[in-house]
Amino acid sequence: MKIYIGSLNPAKAKSVRNVFPDAEVVEVDVASKVSLQPYSDEETMEGAVNRARKCASINQGAIGIGLEGGVMELNDELFLCNWGALINGDGDTFLASGARIPLPEEVAVQLEKGIELGEVMDEYVKRKDVRKKEGAVGIFTNELVSREEMFTHVMKLLKGQYDYNK
């Protein structure tokens, strides 16, 4: 089985390998065609679908995966959100979303200025490439849940649907 993941982010790619350990996983740099910082469930899901669709078009019969992190507003509070899309060789699309946690006000204020969460987090914790490691979810859960683990959960939801519909 060949799977194309629409990201070069190590946490995302590893989540695919965690759930499809016997597959050949190819990382591809594809555009999400949404904002650098998706700002709603709808936009975050759209980015995941766009990535998966582009990946599925690379090799007929292969699986395309798109994973997208974003933020969404609920009751005047900003939450992390994440979406995944899996498109199989027949063009069937499977969708899943995962964990949500509120972001601290000081992080939300920076996002409202148009700064991408990855940049905000690097400055917030004085580290480099948080998005490629534990992610914001790892920081704000005291590393009980990493970005890789969060996307692995989404991948399990996608694979479960894919397997059920074979």
Side-chain angles (χ1 to χ4, degrees), residues 1-59 61-74 77-103 116-118 121 130-141 143-166:
M1 174 185 300
K2 193 163 198 171
I3 298 174
Y4 291 86
I5 166 74
S7 178
L8 301 179
N9 184 298
K12 292 179 181 182
K14 192 157 184 213
S15 73
V16 176
R17 288 183 177 96
N18 290 342
V19 177
F20 288 93
D22 299 325
E24 178 186 351
V25 178
V26 179
E27 300 167 44
V28 184
D29 188 14
V30 299
S32 67
K33 298 183 181 177
V34 297
S35 306
L36 284 176
Q37 179 55 68
Y39 221 84
S40 68
D41 264 330
E42 294 81 6
E43 187 179 17
T44 307
M45 182 178 72
E46 181 182 344
V49 170
N50 290 342
R51 289 179 191 272
R53 188 174 290 131
K54 179 64 178 174
C55 287
S57 74
I58 293 171
N59 184 344
I63 291 175
I65 301 280
L67 296 171
E68 193 76 22
V71 296
M72 51 88 63
E73 195 168 347
L74 181 64
E77 199 165 6
L78 211 54
F79 285 77
L80 283 176
C81 70
N82 50 85
W83 280 86
L86 182 154
I87 299 179
N88 67 13
D90 295 330
D92 299 321
T93 301
F94 303 96
L95 298 170
S97 182
R100 298 171 192 278
I101 60 169
L103 293 168
E116 190 179 0
L117 181 60
M121 291 308 302
V130 169
R131 77 181 87 202
K132 293 181 180 179
K133 299 171 187 155
E134 68 271 71
V137 71
I139 299 297
F140 298 127
T141 63
E143 297 190 31
L144 286 175
V145 177
S146 69
R147 190 164 202 234
E148 175 191 328
E149 185 179 3
M150 178 185 68
F151 278 121
T152 295
H153 182 251
V154 171
M155 285 304 307
K156 286 178 179 179
L157 294 169
L158 292 171
K159 184 178 188 300
Q161 293 174 78
Y162 168 76
D163 287 347
Y164 179 77
N165 286 283
K166 278 186 182 176

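Atom set for the values below is all heavy atoms of this structure, side chains included, hydrogens, waters and symmetry mates excluded.
E149 approaches L144 most closely through the heavy-atom pair OE1-O, 3.3 Å. The shortest heavy-atom contact between P102 and E77 is CB-OE2, 3.3 Å. Of all the heavy atoms in A52 and G66, the pair that sits closest is CB-N, 3.5 Å. Smallest separation of non-hydrogen atoms from S32 and S35: OG-O, 4.4 Å. Closest non-hydrogen pair, A99 versus M150, comes out as CB-CG, 4.3 Å. The shortest heavy-atom contact between C55 and G64 is CB-CA, 3.7 Å.
The structure places CD of Q161 at 10.5 Å from OG1 of T93, a figure rounded to the nearest 0.5 Å. Considering OH of Y39 and CG of L78, their distance stands at 4.5 Å, rounded to 0.5 Å. Distance check: M45 CE to N50 CG gives 10.0 Å after rounding to the nearest 0.5 Å.
In this view, K159 and D163 satisfy the salt bridge (Lys or Arg N to Asp or Glu O under 4.0 Å) rule, not counting sequence neighbours. The side chain to side chain contact (heavy atoms under 4.5 Å, CB included) search around R100 returns D41, M72, F79, C81, W83, S97, not counting sequence neighbours. In this structure S40 satisfies the side chain to side chain contact (heavy atoms under 4.5 Å, CB included) test together with E42, E43, sequence neighbours excluded. Checked against salt bridge (Lys or Arg N to Asp or Glu O under 4.0 Å), E27 has the following partners two or more places apart in sequence or in another chain: R17. When the side chain to side chain contact (heavy atoms under 4.5 Å, CB included) test is applied to D90, the partners found at least two apart in sequence or on another chain are N88, D92. Taking the side chain to side chain contact (heavy atoms under 4.5 Å, CB included) definition, one finds that M155 meets it with S15, V16, V19, F20, I65, L67, L158, sequence neighbours left out.
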Please output the side-chain donor-acceptor pairs of residues 2-10 that fall under 3.5 Å, not counting sequence neighbours, one pair per line with the distance.
| from | atom 1 | to | atom 2 | distance (Å) |
| --- | --- | --- | --- | --- |
| Y4 | OH | N59 | ND2 | 3.4 |
| S7 | OG | N9 | N | 2.9 |
| N9 | OD1 | A11 | N | 2.9 |
| N9 | OD1 | K12 | N | 3.4 |
| N9 | ND2 | R131 | O | 3.1 |

Pair up each side-chain donor or acceptor in residues 132-140 with any protein partner under 3.5 Å, not counting sequence neighbours, and list the distances.
| from | atom 1 | to | atom 2 | distance (Å) |
| --- | --- | --- | --- | --- |
| K133 | NZ | K128 | O | 3.0 |
| E134 | OE2 | R127 | NH1 | 2.4 |

